[in-house]
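A short write-up of the structure that comes next.
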Amino acid sequence: MLVLKFGGTSVGSPEAFAHAADAVIGAREQDRQVVVVTSAMSGVTDALIASAEAAEAGDLTSYQRSQSELLDRHREVAEVLVSDESERATLVQWFQDRLDELGRLCQSIAVLGELTPRGRDVVSGLGERMSAPLLASVLRDRGVEARAVEATHLIVTDDRFGEAAPIMDATCKKARSALLPVLERGAVPVVTGFIGATERGIPTTLGRGGSDYSASILGACLGAEEVQIWTDVNGVMTANPKTVPEARTLPRLSYTEAAEMAYFGAKVLHPKTLLPAVEKRIPIRVLNTFNPDGPSTLITGEENSYGTVKAITSIENLSIVNVEGRGMMGVPGIAARTFGTVAREGVSVLMISQASSEQSICFVIPQKDSQRVVKSLEEEMTRELARRQIDRIYSIDDIVILAVVGAGMRGTPGIAARLFGAMGSNNLNVIAIAQGSSEANISLVVARDDAEESIRQIHQAFELDKVG
Ligand code: ADP
Ligand code: ASP
Ligand code: MG
């Protein structure tokens with residue numbers, strides 16, 4: 001059995017839908033049983049969320065505009081690729097109904113003046129609920145017996161709206177009983193990515209970009225031979241090809257390396273995608289919908305010996321918070337209270353670095369949270385600030401974490417020298433450094449203005465343009 005997931009650009013236009021359908025037909029020639037997972041058409045989730053946020057602010061024109069734009073985009077695909085008239089009419093009515101639902105939701109949001117995480121999940125999942133039936137119709141038009149399935153009936157999650165986690169036992173039970181009969185009949189289920197529902201049936205989402213995760217959850221439940229992530233670039237590359245045009249496809253990666261890359265910003269994979277796959281040892285392949293015979297990446301449990309540094313990734317829109325003071329030395333519990341305060345604010349820390357002199361603690365968090373965190377640290381440390389044990393607490397905004405990833409770095413001397421050599425000789429300033437204990441990654445903090453140049457210089461210093 002194969003699970004094929006199509007991302008937003010892979011279902012972004014009539015041409016893209018046609019390519020995606022070709023990929024499904026190709027996969028069916030390899031394996032009789034194929035499960036499809038699809039994202040919303042590109043840009044749709046953003047438009048839905050923007051409509052809901054505008055409604056919260058009292059602006060109802062935004063959703064009305066979205067309703068007509070989204071109807072046009074989906075209808076266009078149906079007009080080009082679904083030849084049966086009554087099938088097309090049913091589809092268009094379905095889109096209309098979902099967009100009416102958007103209207104009702106936005107009106108309620110406007111009345112309440114509040115967009116709750118729960119409401120946001122209902123709105124943001126509407127895109128997948130339109131694209132999945134559309135892709136199923138396109139497949140049927142090409143002679144494939146396909147059936148759209150809403151993942152709210154398959155993926156059972158907790159109620160952390162916006163970032164829900166699957167409850168695997170319950171999910172696998174539902175997914176197997178709903179999908180296996182369809183597969184045994186020789187039909188192709190086309191499942192909505194990104195969404196799930198709580199045990200009580202309340203809709204949730206798995207987090208932005210979460211359709212990759214949906215695919216690996218279902219792949220693990222069904223014991224798939226392979227989960228294929230079909231996207232708009234040639235697999236997982238040595239760097240984001242939009243920043244580094246010379247980036248090359250990484251033919252193979254280990255689960256650990258792919259997870260480090262995803263966690264540190266390689267958007268091509270949602271960071272949680274690897275979790276279900278690792279447990280069941282299911283290979284993940286990343287391929288280009290628009291270049292199906294081109295290079296691709298195979299991710300497995302095997303460690304690969306090629307290359308020391310394999311890739312460089314980045315996360316943007318971050319701040320570094322510093323808690324500084326000579327008097328901190330030897331005062332027990334400051335670090336614990338610092339991170340306790342951050343945790344109470346519900347903010348997750350991406351990276352920590354402490355100078356061994358104990359004169360400062362610094363850590364990286366999302367920029368949107370930085371002012372709030374600094375303020376609540378000042379409150380927590382009022383006494384230490386008054387006694388001058390802590391001199392100041394402040395944040396630097398507009399920073400970027402760069403991560404250099406590769407399992408072969410472990411035990412290889414000279415990597416750090418080459419890395420900092422590349423930075424130093426090009427006058428690129430490193431604000432902080434951390435190395436994961438897995439040694440499969442070294443991360444650097446740099447200013448936003450230095451980020452792109454740093455990525456290009458590091459890419460060049462490790463000759464990543466020669467990979468493959
Ligand atoms: P999809 O809609 O198919 O899920 P995404 O936009 O989520 O696609 O992810 C694909 C994008 O990830 C690419 O277009 C590319 O710009 C970006 N990307 C960032 N880092 C990498 C990398 N190391 N390798 C490949 N793509 C990357
Ligand atoms: N459509 C969702 C998003 O834009 C999920 C996904 O594309 O994976 O976040
Ligand atoms: Mg994605």
Side-chain angles (χ1 to χ4, degrees), residues 4-13 16 19-20 23 37-50 70 120-121 123-132 151 155 162-164 191-196 204-217 228-251 253 257-273 286-291 294-297 299 309-316 402-406 451-452 455 458-459 464 467-468:
L4 275 65
K5 175 263 171 177
F6 296 96
T9 36
S10 302
V11 291
S13 64
H19 283 290
V37 174
T38 184
S39 293
M41 291 182 75
S42 55
V44 169
T45 313
D46 286 337
L48 292 166
I49 294 173
L70 298 184
R120 177 188 286 260
D121 273 3
V123 172
S124 56
L126 288 168
E128 274 73 8
R129 295 177 61 207
M130 294 191 281
S131 62
I155 298 183
E163 196 71 41
V191 184
T192 54
F194 184 47
I195 62 177
T204 55
T205 65
L206 305 175
R208 293 306 306 271
S211 298
D212 302 329
Y213 192 22
S214 308
S216 71
I217 292 168
Q228 301 184 344
I229 305 292
W230 288 83
T231 184
D232 60 354
V233 288
N234 291 337
V236 182
M237 307 182 77
T238 52
N240 186 345
K242 288 177 188 133
T243 313
V244 184
E246 309 77 49
R248 308 277 298 182
T249 300
L250 291 157
L253 282 174
E257 290 169 324
E260 294 275 358
M261 286 184 69
Y263 179 79
F264 285 101
K267 193 187 165 212
V268 63
L269 278 181
H270 185 278
K272 291 182 187 160
T273 312
V286 184
L287 315 95
N288 189 343
T289 309
F290 306 95
N291 184 16
S296 65
T297 302
I299 305 166
V309 167
K310 289 201 177 69
I312 165 133
T313 62
S314 62
I315 319 182
E316 291 164 10
L402 307 184
V404 177
V405 178
E452 290 204 352
I455 293 172
I458 295 169
H459 197 267
L464 295 179
V467 165

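Just follow the structure's listing: the first ligand is 1, and inside any ligand the first atom is 1. Remember, it's a predicted structure, so these values are computed and weren't measured experimentally. For the single chain, residues carry numbers from 1 onward in sequence order.
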Checking contacts here: is it the side chain or the backbone of [X] that comes within 4.0 Å of ligand 1, counting heavy atoms only? Could be both or neither.
X: Lys5; result: side chain
X: Lys242; result: side chain
X: Val268; result: both

Under 3.5 Å: donor-acceptor pair, side chain of [X], backbone of [Y]:
X: Thr192; Y: Ala151; answer: yes
X: Thr9; Y: Ser42; answer: no
X: Glu128; Y: Ala40; answer: yes

*Check: Asn240 N/O within less than 3.5 Å of ligand 1 N/O*: yes
_Within-cut-off N or O pair, Gly8 and ligand 1, under 3.5 Å_ = yes
Under 3.5 Å: N/O of [X] near N/O of ligand 2:
X: Lys5; result: no
X: Gly209; result: yes
X: Asp212; result: no

Near [X], which atoms of ligand 2 are under 4.0 Å from a heavy atom of that residue?
X: Arg208; answer: 3 (C), 4 (O), 9 (O)
X: Glu128; answer: 1 (N), 2 (C), 5 (C)
X: Ser39; answer: 6 (C), 7 (O), 8 (O)

Would you mind reporting whether [Y] and [X] have side-chain heavy atoms less than 4.5 Å apart?
X: Leu464; Y: Arg248; result: no
X: Val405; Y: Lys310; result: no
X: Val286; Y: Leu253; result: no
X: His19; Y: Asn288; result: no
X: Met261; Y: Leu250; result: yes
X: Ser211; Y: His270; result: no
X: Ser214; Y: Val191; result: no

_Passing candidate, side chain to side chain contact (heavy atoms under 4.5 Å, CB included) with Phe290, options Asp232, Asn234, Val233_ = Asp232
Looking at ligand 1, does [X] have a heavy atom less than 4.0 Å from it?
X: Asp232; value: yes
X: Ala239; value: yes
X: Gly235; value: yes

Which atoms of ligand 1 have any heavy atom of [X] under 4.0 Å away?
X: Met237; answer: 22 (C), 23 (N), 24 (N), 25 (C)
X: Thr231; answer: 1 (P), 3 (O), 8 (O), 10 (C)
X: Met261; answer: 23 (N)

*atom 6 (O) of ligand 1 - nearest protein heavy atom and its distance*: Lys267 NZ, 3.0 Å
*So which protein heavy atom does atom 6 (C) of ligand 2 come closest to, and at what separation?*
Ser211 OG, 3.4 Å
*asked:* Does the residue Gly193 have a heavy-atom contact with ligand 2, meaning some pair of atoms that are separated by less than 4.0 Å?
replied: no
_Could you check whether Asp212 pairs with Lys267 (Lys NZ or Arg NE/NH1/NH2 to Asp/Glu carboxylate O, under 4.0 Å)?_
no
*With heavy atoms under 4.0 Å as the rule, classify the contact between His270 and ligand 2 as side chain, backbone, both or neither.*
neither
_Asp121-Thr204 side chain donor-acceptor pair, cut-off 3.5 Å_ = no
